[in-house]
Every structure is written in C-alpha cells, then in structure tokens.
Amino acid sequence: MIHSRIAGTGSHLPEKVITNFDLEKMVDTTDEWIRSRTGIERRHVAADGETTVDLAEKAARRALDAAGVAPAEVDFIAFGTTTPDLVFPNCGTLLQQRLGCRGVPAFSLETACAGFMYALSIADKYVRCGEARRALVIGAETLSRITDWSDRATAVLFADGAGAVVLEPSAAPGVLSTHLHSDGHYKDLLYCGSGVSRGFAERLAIIMAGNEVFKVAVTKLGSGVDEALAANGLERSAVDWLVPHQANIRIIQATARRLDIPMERVIVTVQDHGNTSAASVPLALDVAVRDGRIRRGDLLLLEAFGGGFTWGSALVRY
Ligand code: ACO
C-alpha cells in the first residue's frame with residue numbers, strides 16, 4: 001500500500017511588519033488589548049503589488065529545495081487561498097507557470113483558514129492512489145487586501161504569508177488521516193461580503209462576529225482532535241506536537257487543554273504572524289521543522305478552522 005509523506009517544508013513572509021504599536025496609531029486600540037485578547041504582537045503585510053502567488057512561489061521553492069525536488073519535477077499542485085491574484089487563471093496554475101512544471105494538474109480552492117487542510121487532504125489522496133509522485137501543497141494569503149484597516153475588530157487580527165509542503169509516496173505512513181468538515185449555517189458569523197457573482201460591495205472587508213466565532217472554533221477544533229485520534233486508535237499522549245491554526249492564542253490554549261498537551265509541545269507563531277488564514281498551519285510547521293523542534297518520526301496533529309465554517313485536522317508522522 002502506498003502512503004504519502006512530507007518530504008520538505010517551506011514558507012515565506014513579506015518584509016513589511018506592522019506592530020501593535022503601529023496599529024495604535026491607526027485605530028482605537030492598544031498593544032495590551034491585542035496581546036491579552038489574541039496573543040498577537042506583530043504581523044507581516046505584503047508590499048504594494050506583491051501578490052499571493054509571489055509569496056507562494058518563494059515558499060514553494062524553499063519546500064522543494066528541502067525535499068530535494070526540482071521545480072520541473074512537481075506533478076500536482078493543490079493551492080489553498082481566499083485571496084487569489086486573479087479570478088482566473090487560478091493561483092495553482094499561475095504558480096505552475098513560474099515553476100515550469102508545464103501540463104500538470106494545478107488548482108486553487110477557497111475554504112478560508114482551512115484551505116491548507118483541504119489541499120493537503122486532496123493531495124494525500126492523489127499520492128496514495130499513485131496519480132501524483134511530487135505533490136506541492138500550498139497555503140498562501142494576502143488577507144491585508146480584504147482587511148478594513150479602519151476597523152479595529154479585524155485590523156488587529158489578519159496578515160499575509162505563505163507556507164508549502166511537498167508530498168511524495170512512501171512505504172511507511174506519513175499522513176495517517178485527514179478529516180474535513182464544513183457547515184454553511186454559520187456563514188453570517190464570518191464572511192467577506194464581496195464577490196464576482198454577488199458583486200463588489202463598496203467596502204471590501206472581512207466581517208466577523210469574533211466572540212461567536214471563538215466559541216464555535218473551540219468546540220469544532222476540540223472535536224477534530226478527538227476524531228483524528230479515534231480514527232487511528234491513538235491516545236492523546238501519542239501526539240508529539242500540536243500544529244494549530246494561528247488565529248488566537250486563547251483558542252490554541254483551549255485545544256491544547258482538550259488534547260492534554262503542555263504548551264511546550266504546541267507550535268505557536270501567532271505572536272509574530274497574526275492570522276494568515278490558509279498559510280497559518282504550513283507556516284507554523286515550517287518554522288518548527290527549521291528550528292529543529294519537529295524531527296523525523298514525530299507525530300503531528302495539524303488543525304485549522306475558518307470562515308464558512310470550514311475546519312479540518314490531520315495526523316501526520318513527519
Ligand atoms: N482594541 C480594543 N478594544 C477592542 C478591539 C480592539 N482591537 N476590538 C474589539 N474591542 C472591544 C469591543 O468593542 C468590546 O468592547 P465593549 O465591551 O465595550 O463592547 C470589547 O473589546 C470586547 O470585545 P469582544 O469581541 O467580546 O472580545 P473578545 O475577547 O471576544 O476578543 C477576538 C475578540 C480577538 C476577535 C476574539 O473573539 C477572536 O479571536 N475570535 C475568533 C476569531 C477567529 O478565530 N477567526 C478564525 C477564522 S478567521 C478566517 O477564517 C479568515
């Protein structure tokens with residue numbers, strides 16, 4: 001039986017940094033409020049003209065380098081994003097052209113912050129069925145483009161970045177299982193009110209009922225953890241590292257409590273990255289792989305929750 005394994009990881013953050021102190025000058029907020037309610041201290045924001053695919057290309061090349069795979073060898077691209085460069089071609093295809101892997105299937109999918117989990121799940125299945133051998137899985141965003149920088153409720157949260165992994169076939173299991181969910185009943189709690197078919201509203205912005213999103217996120221992420229462990233007959237103690245979606249430190253702490261895992265075994269980047277939506281999990285993963293915390297053979301629990309609502313988890317033997 002063929003499995004898929006993560007052969008390499010990569011990430012990229014735009015150069016420009018906005019600190020909480022910068023935000024104090026832009027909206028009625030304080031560093032103390034942002035840190036205590038969210039855990040965020042700073043975030044990276046794309047420069048004018050810098051696009052989601054620009055960020056993704058850099059993350060992809062780093063992941064390919066780590067995996068020892070040449071860009072032209074990529075044979076499948078799954079790209080999670082809510083902030084595509086264009087209506088079409090999709091971001092996966094734009095990236096394919098830059099990498100020079102002409103003719104291979106490439107697509108993007110929009111499931112908000114769960115975008116990388118959905119892309120990972122699909123790519124895993126293509127590798128396992130033998131139809132892909134060098135799959136590139138991307139989560140990349142320029143959320144700053146749909147953030148209303150005069151709205152203190154959302155301006156303090158969202159940010160830009162990109163993360164990538166390369167999946168390849170393996171005799172031993174790498175990705176053990178993935179679990180995806182959505183529930184459109186919650187759409188009014190978190191959405192962007194503009195779109196091609198509905199039309200572009202005057203205010204292109206993320207609308208969020210933060211407090212209610214918070215409560216559902218904690219519940220769904222907690223049940224995602226239980227579901228992933230139960231599917232593999234594993235105890236909570238088997239997990240070496242929790243790599244959670246970086247939306248809010250209090251949501252991360254609540255999920256860690258559910259898993260009964262100490263915060264030292266949780267990868268936390270929210271203080272430096274803010275909420276980068278689909279990029280958040282692969283960014284956190286790459287940080288911890290490169291700083292040596294996550295090692296080959298470790299059992300990882302990845303999870304994310306986003307607008308829709310959409311959510312997903314994956315158990316991965318790195
Ligand atoms: N600075 C200062 N005060 C603020 C700010 C701010 N930036 N934002 C809100 N406040 C005020 C509110 O107006 C409110 O004031 P009031 O009590 O006088 O009415 C008070 O702070 C408390 O507001 P709450 O919304 O209740 O604060 P809460 O503790 O819930 O924190 C937050 C808000 C950080 C948004 C939190 O609810 C959260 O993180 N929610 C989850 C967001 C999330 O996970 N999103 C994930 C998916 S994102 C995606 O898919 C794109």
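When reading the values below, keep in mind they use all heavy atoms of this one structure, side chains included, and skip hydrogens, waters and symmetry mates.
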Does [X] share a hydrophobic cluster with [Y], counting links as ILVMFWY side-chain heavy atoms below 4.5 Å and allowing steps through other members?
{"X": "Val165", "Y": "Tyr126", "answer": "yes"}
{"X": "Leu143", "Y": "Leu55", "answer": "no"}
{"X": "Leu167", "Y": "Ile2", "answer": "no"}
{"X": "Trp241", "Y": "Val239", "answer": "no"}
{"X": "Leu315", "Y": "Leu242", "answer": "yes"}

Can you give each donor-acceptor pair under 3.5 Å made by side-chain atoms of residues 185-197, sequence neighbours left out, with the distance rounded to 0.1 Å?
from: His185; atom 1: ND1; to: Asp183; atom 2: OD1; distance (Å): 3.0
from: Ser194; atom 1: OG; to: Ala201; atom 2: N; distance (Å): 2.8

Are any side-chain N or O atoms of [X] and backbone N or O atoms of [Y], one a donor and one an acceptor, separated by less than 3.5 Å?
{"X": "Glu303", "Y": "Val225", "value": "no"}
{"X": "Arg317", "Y": "Leu176", "value": "no"}
{"X": "Arg43", "Y": "Val156", "value": "yes"}
{"X": "Thr111", "Y": "Thr310", "value": "no"}
{"X": "Thr52", "Y": "Pro84", "value": "no"}
{"X": "Asn20", "Y": "Ile34", "value": "no"}
{"X": "His3", "Y": "Gly174", "value": "no"}
{"X": "Thr29", "Y": "Arg152", "value": "no"}
{"X": "Asn232", "Y": "Ala228", "value": "yes"}
{"X": "Asp286", "Y": "Ala164", "value": "no"}

* Phe305: partners by ring pair (Phe, Tyr, Trp, His ring centres under 6.0 Å), with sequence neighbours left out -> Phe309

* Residue list, ring pair (Phe, Tyr, Trp, His ring centres under 6.0 Å) with Phe21, at least two apart or on another chain ->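 None.
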
* Asked: Hydrophobic cluster mates of Val27, side-chain heavy atoms under 4.5 angstrom, ILVMFWY only, any path?
  ->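 Val27 shares its hydrophobic cluster with no other residue.
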
Apply side-chain hydrogen bond (donor to acceptor under 3.5 Å, both in side chains) to [X] and list each qualifying residue two or more places apart in sequence or on a separate chain.
{"X": "Asp291", "value": "Arg293"}
{"X": "Ser170", "value": "none"}
{"X": "Ser121", "value": "Lys125, Thr178"}
{"X": "Asp65", "value": "none"}

Between [Y] and [X], does any NZ, NE, NH1 or NH2 come within less than 4.0 Å of an OD or OE carboxylate oxygen?
{"X": "Asp160", "Y": "Lys16", "value": "no"}
{"X": "Asp75", "Y": "Arg133", "value": "no"}
{"X": "Arg265", "Y": "Asp260", "value": "no"}

* To do: Mind checking side-chain contact (heavy atoms from CB on, under 4.5 Å) for Met26 and listing every partner two or more places apart, or none if nothing turns up?
  =>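 Per chain and number, Met26 pairs via side-chain contact (heavy atoms from CB on, under 4.5 Å) with Leu23, Trp149.
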
Does the side chain of [X] reach to within under 4.5 Å of the side chain of [Y], using non-hydrogen atoms?
{"X": "His181", "Y": "Glu227", "value": "yes"}
{"X": "Pro244", "Y": "Thr255", "value": "no"}
{"X": "Leu94", "Y": "Phe79", "value": "no"}
{"X": "Glu24", "Y": "Asp31", "value": "yes"}
{"X": "Thr142", "Y": "Thr51", "value": "no"}
{"X": "Ile294", "Y": "Val243", "value": "yes"}
{"X": "Ile249", "Y": "Val268", "value": "yes"}
{"X": "Val137", "Y": "Pro282", "value": "no"}

* Asked: Does Phe76 have Arg134 sitting over its ring (NZ/CZ under 6.0 Å from centre, angle to axis within 45°)?
  ->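 Relative to the ring axis of Phe76, which defines the angle, Arg134 lies outside at least one limit.
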
* For Asp85, salt bridge (Lys or Arg N to Asp or Glu O under 4.0 Å) partners two or more places apart -> none

* Structure fact -> Sequence neighbours excluded, the answer for salt bridge (Lys or Arg N to Asp or Glu O under 4.0 Å) partners of Arg145 is none

Sequence neighbours excluded and cut-off under 3.5 Å, please list the side-chain donor-acceptor pairs for residues 213-223, or say none.
from: Thr219; atom 1: OG1; to: Lys215; atom 2: O; distance (Å): 3.0
from: Ser223; atom 1: OG; to: Thr219; atom 2: O; distance (Å): 3.3
from: Ser223; atom 1: OG; to: Lys220; atom 2: O; distance (Å): 3.0

Compute whether any side-chain donor of one residue and acceptor of the other, for [X] and [Y], lie under 3.5 angstrom apart.
{"X": "Ser280", "Y": "His245", "answer": "yes"}
{"X": "Asp272", "Y": "Thr269", "answer": "no"}
{"X": "Thr82", "Y": "Glu141", "answer": "yes"}

* Structure fact -> When Ile146, Leu157, Asp148, Asn275 are each screened for side-chain contact (heavy atoms from CB on, under 4.5 Å) with Ile206, the one that passes is Ile146

* Asked: Could you walk me through whether Leu120 and Leu302 pass the side-chain contact (heavy atoms from CB on, under 4.5 Å) check?
  -> CA-CA 11 Å; Leu120 180 72; Leu302 318 181; 4.1 Å; yes

For [X], does the [atom1] atom sit with more than 12 other heavy atoms under 6.0 Å from it, leaving out its own atoms?
{"X": "Arg296", "atom1": "CZ", "answer": "yes"}
{"X": "Arg98", "atom1": "CZ", "answer": "yes"}
{"X": "Glu57", "atom1": "CD", "answer": "yes"}

Separation of [Y] [atom2] from [X] [atom1] (nearest 0.5 Å):
{"X": "Asp54", "Y": "Leu95", "atom1": "CG", "atom2": "CG", "answer": "10.5 Å"}
{"X": "Cys91", "Y": "Leu109", "atom1": "SG", "atom2": "CG", "answer": "10.5 Å"}
{"X": "Phe116", "Y": "Ile138", "atom1": "CZ", "atom2": "CD1", "answer": "9.0 Å"}
{"X": "Tyr318", "Y": "Leu299", "atom1": "OH", "atom2": "CG", "answer": "14.0 Å"}

* To do: Take Ile6 and Leu285, measure what side-chain contact (heavy atoms from CB on, under 4.5 Å) needs, and give me the verdict at the end.
  => CA-CA 11 Å; Ile6 295 178; Leu285 175 64; 4.1 Å; yes

* Test side-chain contact (heavy atoms from CB on, under 4.5 Å) applied to Gln246 and Thr276, step by step -> CA-CA 7 Å; Gln246 310 285 322; Thr276 58; over 6 Å; no

* To do: Tell me, with the steps shown, if Glu73 and Glu168 meet side-chain contact (heavy atoms from CB on, under 4.5 Å).
  => CA-CA 11 Å; Glu73 290 176 318; Glu168 64 179 22; over 6 Å; no

